[in-house]
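Have a look at the structure below before the remarks.
Heavy atoms only: backbone and side chains are in, while hydrogens, waters and symmetry mates are out. In each ligand, atom 1 is the first atom listed, and ligand 1 is the first ligand listed.
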Amino acid sequence: MLPDIPEKYKEKLVDIIANDSDTVHFFQSIEDNTFISLSESFDAKDYRELPVLLRESGLIEKESLPVFDVFCERIDEGIINGCRENSLGTDLSIKLPGSDDFKMCHMYALFLRDENGRITDIHYNIRPYSPNEYFTRDVMKVFSSDKNPKIYSQRCRRTIDSNPDKQIAFIQFDVERFKMINEEYGVEKGDELLQFFNDSLALICRDDQPFCRLTADVYMIVTPFDTKDEIIGLIHKIESMLSGFGGMEYRLIFGVCIVEDRAAHTRKHGDNASLARQLIKGNAIENILFYDKSMKSKLHKKQQIEESMNNALLNGEFLMFLQPKYSISTGRIIGAEALARWNDPAVGMISPAEFIPVFEENGFILKLDCYIWEQACKKIRELMDLGIKPVPISVNISREYIKTFDIIGKIKELIGKYDIPISMLELEITETADTSGIEELVTQMKEAGFTMLMDDFGSGYSSLNILKSTPFDVLKIDRFFLEEFMDSDRGRKIIEHTISMSQDIGLGIIAEGVETGEQAEFLSRCGCDAAQGFYYSRPIPSDEFNQKLISVNK
Ligand code: C2E
Ligand code: MG
Ligand code: MG
């Protein structure tokens with residue numbers, strides 16, 4: 001019994017093992033690069049470390065694997081970079097020798113160190129919970145600080161008070177559009193995801209970094225720190241360890257409040273972190289925001305938008321503006337894009353940049369889009385009735401609802417209701433990082449006979465990937481892409497080749513945000529004849545559009 005264990009530990013381990021027959025023990029020596037099982041029932045001789053043994057022998061239930069991965073990563077990190085903890089533990093569903101079933105167990109790694117604090121050996125043990133213990137554990141969890149805001153608040157206070165020489169940060173994070181995860185993958189998967197977050201945070205956070213699940217999918221961590229890089233480092237660690245659970249696609253967003261007034265109630269710091277987190281929503285690039293005092297007024301604006309949006313729709317405060325699209329060579333209007341405007345009688349025109357992200361987040365965008373689609377169809381009918389030759393109008397489709405709403409059904413219904421040719425309504429979808437669902441929608445819309453435009457091409461996401469898999473008809477070159485790339489020889493070459501490539505594969509092309517004659521000339525020389533931008537016309541009220549169409553296309 002107990003072969004190969006360094007003498008200094010042997011005596012202690014004999015005692016532990018003798019008194020605890022249900023538990024299986026392993027010993028890994030980092031220094032000597034050896035790994036042994038101390039339980040006869042477990043044969044470990046073909047393995048060099050416990051994680052590999054458990055994984056390769058299929059002894060961990062699938063559901064427990066993501067947390068197990070975090071557990072292993074943290075151990076590796078402790079071995080390589082050192083860590084303050086003396087142990088690391090987590091609950092996993094494991095199949096122990098002699099049993100055919102998976103059982104909930106506590107897995108525990110005890111770190112043994114040399115005089116410099118470096119981890120030299122790890123004593124692992126795996127202990128199954130008895131049904132009673134398991135029940136007690138669940139009851140205890142209810143009272144633990146990661147479930148109980150009052151205890152949590154006391155722990156936060158202690159963290160502030162016991163670190164007088166350090167700065168303190170309150171970090172709050174949640175899953176962007178968690179509602180959609182529940183809709184798309186089911187509530188059960190949503191719950192599993194949150195449980196995984198809880199278990200992983202217990203492994204990631206140190207004792208002096210209390211964490212808590214505040215509500216639904218909102219988590220908070222309080223941490224002492226010296227430099228801002230430490231906070232960013234912690235956030236990146238959380239992000240990387242908590243991403244990709246069960247093959248789901250989601251993004252975490254973080255609000256951070258650095259404590260200024262240490263005597264203030266911990267709730268205040270938490271509220272500030274929350275504010276920063278909520279303001280980040282809708283920002284496609286950043287996912288970390290540090291609180292500053294100006295944020296209160298921004299949030300206020302957002303709340304005002306949310307309070308008044310429903311009435312605004314009923315009162316007809318949303319208007320469809322049309323921005324004509326031109327042929328560069330003939331100067332004629334060849335189409336138009338429908339863009340929403342909000343004319344609030346109290347504050348005047350509100351820009352889409354302000355309200356669209358808010359609507360995308362709270363789901364109201366679907367109502368607005370249906371309204372704009374209908375206005376566009378109505379407009380085409382109106383032109384036809386007035387005997388003005390209509391041009392195709394493109395409308396925007398937000399990716400928020402593409403998987404959950406019957407877009408094709410709705411649009412076909414509108415086409416029928418206004419009895420307009422299908423070729424007169426075109427659809428724009430923005431390229432995004434998350435392409436799932438787009439391919440299917442575009443394919444189906446095309447089968448139904450619609451023209452599909454890829455909006456904002458070149459704005460930074462996986463443009464080329466999506467082109468490969470999704471049968472769009474037309475690329476809309478993004479305004480910033482054009483502006484930025486026009487500036488250099490290399491950039492101009494890229495635009496030129498983008499245009500010729502799109503022609504090569506049979507795609508139409510239009511440039512948006514054309515602001516100068518020079519840009520128009522350049523595009524034309526490269527073979528792109530369609531343009532939309534302030535150089536030709538700003539978006540104009542729907543009424544003015546008729547006049548413009550008549551006078552330009554006469
Ligand atoms: P987008 O679909 O890419 O629309 C083009 C935007 O570029 C419009 O901004 C337009 O006014 C602006 N633009 C056009 N030409 C120029 C130019 O030469 N220079 C500059 N600086 N800007 C130009 P807008 O109307 O503010 O809309 C912004 C974004 O909001 C749109 O980008 C679209 O993503 C979204 N959006 C607007 N209306 C709707 C809507 O009804 N539904 C949905 N889902 N999104 C909408
Ligand atoms: Mg658009
Ligand atoms: Mg665009």
Spell out the protein N/O/S atoms under 2.8 Å from the Mg ion (ligand 3) as residue plus atom name.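 Listed by chain and number, the atoms are D455 OD1, D456 OD1, E512 OE1, E512 OE2.
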
Which of the atoms of ligand 1 are close to E512, meaning less than 4.0 Å from one of its heavy atoms?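 Heavy-atom distances to E512 below 4.0 Å select 3 (O), 5 (C).
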
Atoms of ligand 1 close to E515 [distance to a heavy atom under 4.0 angstrom, numbered from 1]: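 Near E515, the atoms of ligand 1 are 17 (C), 18 (O), 19 (N), 20 (C), 21 (N).
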
Give the table of side-chain donor-acceptor pairs shorter than 3.5 Å for residues 314-326, with sequence neighbours excluded, one pair per line with atom names and distance.
from	atom 1	to	atom 2	distance (Å)
N315	ND2	N311	O	3.3
E317	OE1	W342	NE1	3.0
Q323	OE1	Q532	NE2	2.7
Q323	NE2	S537	O	3.1
K325	NZ	S394	OG	2.8

Out of P352, A531, A338, who gets a non-hydrogen atom closest to atom 27 (O) of ligand 1?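 When every heavy atom of P352, A531, A338 is considered, P352 comes closest to atom 27 (O) of ligand 1.
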
Could you work out, for atom 4 (O) of ligand 1, the closest of L339, D369, L366 by heavy-atom distance?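 Looking at heavy atoms only, the winner is L339.
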
Using the six-membered ring of F534, assess whether NZ or CZ of R538 lies under 6.0 Å from its centre and within 45 degrees of the ring axis.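 Checked: cation-pi criterion met.
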
Record the part of [X] in heavy-atom contact with ligand 1 below 4.0 Å; permitted values are side chain, backbone, both and neither.
| X | value |
| --- | --- |
| R538 | neither |
| Q323 | side chain |
| A340 | both |
| D455 | side chain |

Looking only at distance, does Q532 have an N or O less than 3.5 Å from an N or O of ligand 1?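 No, no N or O pair falls under 3.5 Å.
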
F534-ligand 1 polar pair, N/O distance under 3.5 Å: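 Yes; at least one N/O pair falls below 3.5 Å.
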
Can you confirm whether something in the protein, heavy atoms only, sits under 4.0 Å from atom 20 (C) of ligand 1?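 Protein heavy atoms within 4.0 Å of atom 20 (C) of ligand 1 - there is at least one.
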
Please check atom 41 (O) of ligand 1 for a protein heavy-atom neighbour under 4.0 Å.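 Given the 4.0 Å limit, the answer for atom 41 (O) of ligand 1 is yes, a protein heavy atom qualifies.
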
Contacts of T330 that satisfy side-chain contact (heavy atoms from CB on, under 4.5 Å) - sequence neighbours left out: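 Counting only residues at least two positions away or on another chain, T330 forms a side-chain contact (heavy atoms from CB on, under 4.5 Å) with S327, R332.
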
For the Mg ion (ligand 2): the N/O/S atom of E337 at shortest distance: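 Output for this pair reads OE2.
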
Aromatic plane relationship, Y401 with F405 - under 30° parallel, 30 to 60° tilted, over 60° perpendicular: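 Aromatic pair F405/Y401 classed perpendicular.
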
According to salt bridge (charged side-chain N to carboxylate O under 4.0 Å, His left out), who are the partners of K293, at least two apart in sequence or on a separate chain?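 K293 satisfies salt bridge (charged side-chain N to carboxylate O under 4.0 Å, His left out) with E260 only.
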
